[in-house]
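Structure first, then comments.
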Amino acid sequence: MTKSFSLIAALLLSLPLAAQAETPAEQFMSTWDRDRNGIATLAELEAMRGDVFASFDANEDGMLDLEEHAIFDEARANDVAGYEGKQREQMQKMADGMRMEATDANGDRLVSLDEFQTSTVKWFAQLDKNGDGGITLADLAMKPAQ
């Protein structure tokens, strides 16, 4: 297990605890807006997804196989489980952009880094509701926690 895997996996698996204090949008922005300027760009999502991919590619072969993807799915499910009702639905929609079905372009049940990154563009477009090239809390239709 790599140091990167340990760090990212710990982060992803601890997110349900953070979810209790944050809306799904706030959690998304705190993770994906790497420069903390309030706008998550495509470049930031691509960089973060590269880190996420590397952290779950336990055998470092450049592919997420079914076993590795199952661990990734569990981490995302734990994240979503930290919410209830509409917030859970919103978090699920954000998490769905990394499902195997969303990232395995050729359907071989293996996800390469290229496939994973190529799907980032579609995921970004789905989240960037106003199409201005940046994802903000407004795009995610969530108000900050009061």
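These numbers were taken from a predicted model, which means no experiment stands behind them.
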field: Leu140 side, atom CG; Met29 side, atom CE - distance, nearest 0.5 Å
entry: 7.0 Å
- request: Look only at the side chain of Glu115 and the backbone of Ser112, and say whether a donor-acceptor pair between them is shorter than 3.5 Å.
  value: yes
Check: Asp108 main-chain N/O paired with Asp104 side-chain donor or acceptor under 3.5 Å: yes
query: Roughly how far, to the nearest 0.5 Å, is the CG atom of Asp33 from the CZ atom of Phe28?
result: 9.0 Å
query: Any chain of hydrophobic side-chain contacts (each under 4.5 Å) joining Met63 to Phe116?
result: no
query: For Ala102 and Ser119, which heavy atoms make the closest approach, and how far apart are they?
result: O-CB, 3.3 Å
query: To the nearest 0.5 Å, how far apart are CZ in Arg76 and CE in Met91?
result: 11.5 Å
query: Can you hop from Leu137 to Trp32 via hydrophobic side chains spaced under 4.5 Å?
result: yes
- prompt: Given Trp123 and Met98, is the side chain to side chain contact (heavy atoms under 4.5 Å, CB included) satisfied, shown in steps?
  reply: CA-CA 8 Å; Trp123 188 50; Met98 291 187 281; 4.2 Å; yes
task: Please check if the side chain of Asp128 supplies one atom and the backbone of Gly133 the other of a donor-acceptor pair under 3.5 Å.
output: yes
Polar side-chain atom of Arg36 near backbone of Ser30 as donor-acceptor pair, under 3.5 Å: yes
task: Mind telling me whether Phe56 and Phe72 have parallel, tilted or perpendicular rings, with 30° and 60° as the class edges?
output: tilted
query: With no hydrogens and no angle check, is any side-chain donor or acceptor of Asp139 less than 3.5 Å from a backbone partner on Thr136?
result: yes
- request: In sequence, state the C-alpha distance, the side-chain angles, and the governing distance for Thr103 and Arg49, and then conclude on side chain to side chain contact (heavy atoms under 4.5 Å, CB included).
  value: CA-CA 11 Å; Thr103 59; Arg49 280 175 68 124; 3.5 Å; yes
- request: Could you walk me through whether Leu64 and Leu110 pass the side chain to side chain contact (heavy atoms under 4.5 Å, CB included) test, one step at a time?
  value: CA-CA 6 Å; Leu64 294 181; Leu110 294 169; over 6 Å; no
Whether Asp57 side chain and Gly62 backbone form a donor-acceptor pair below 3.5 Å: yes
task: Keeping the roles fixed (side chain from Gln117, backbone from Asp114), state whether a donor-acceptor pair exists under 3.5 Å.
output: no
message: Set out, in order, the CA-CA distance, both residues' side-chain angles and the distance that settles side-chain hydrogen bond (donor to acceptor under 3.5 Å, both in side chains) for Tyr83 and Gln92, then state yes or no.
response: CA-CA 10 Å; Tyr83 294 98; Gln92 185 65 59; over 6 Å; no
field: Test item: Glu68 side-chain N/O and Ala58 main-chain N/O as donor-acceptor pair under 3.5 Å
entry: yes
query: More than 12 heavy atoms of other residues, nucleotides or ligands under 6.0 Å from CD of Glu67: is that the case?
result: no
statement: Interatomic distance, OG1@Thr31 vs CE@Met94, rounded to 0.5 Å, equals 10.5 Å
pair Ile135-Ile39: side-chain heavy atoms closer than 4.5 Å: no
message: Side chains of Asn59 and Asp65, heavy atoms from C-beta outward: is any pair under 4.5 Å?
response: yes
task: Please report the C-alpha distance between Arg34 and Asp51 in whole Å, then the side-chain angles of each, then the deciding distance to 0.1 Å, and finally whether the side chain to side chain contact (heavy atoms under 4.5 Å, CB included) criterion is met.
output: CA-CA 12 Å; Arg34 293 170 68 113; Asp51 292 347; 2.9 Å; yes
- prompt: Would you say the side chain of Glu46 lies within less than 4.5 Å of the side chain of Phe124, judging by non-hydrogen atoms?
  reply: no
Under 3.5 Å: donor-acceptor pair, side chain of Gln90, backbone of Ala25: no
query: Between atom CG of Leu66 and atom CD1 of Ile71, what is the distance when rounded to the nearest 0.5 Å?
result: 11.5 Å
- prompt: Quick check: does any side chain N or O of Arg99 sit under 3.5 Å from a backbone N or O of Asp96, one acting as donor and the other as acceptor?
  reply: yes
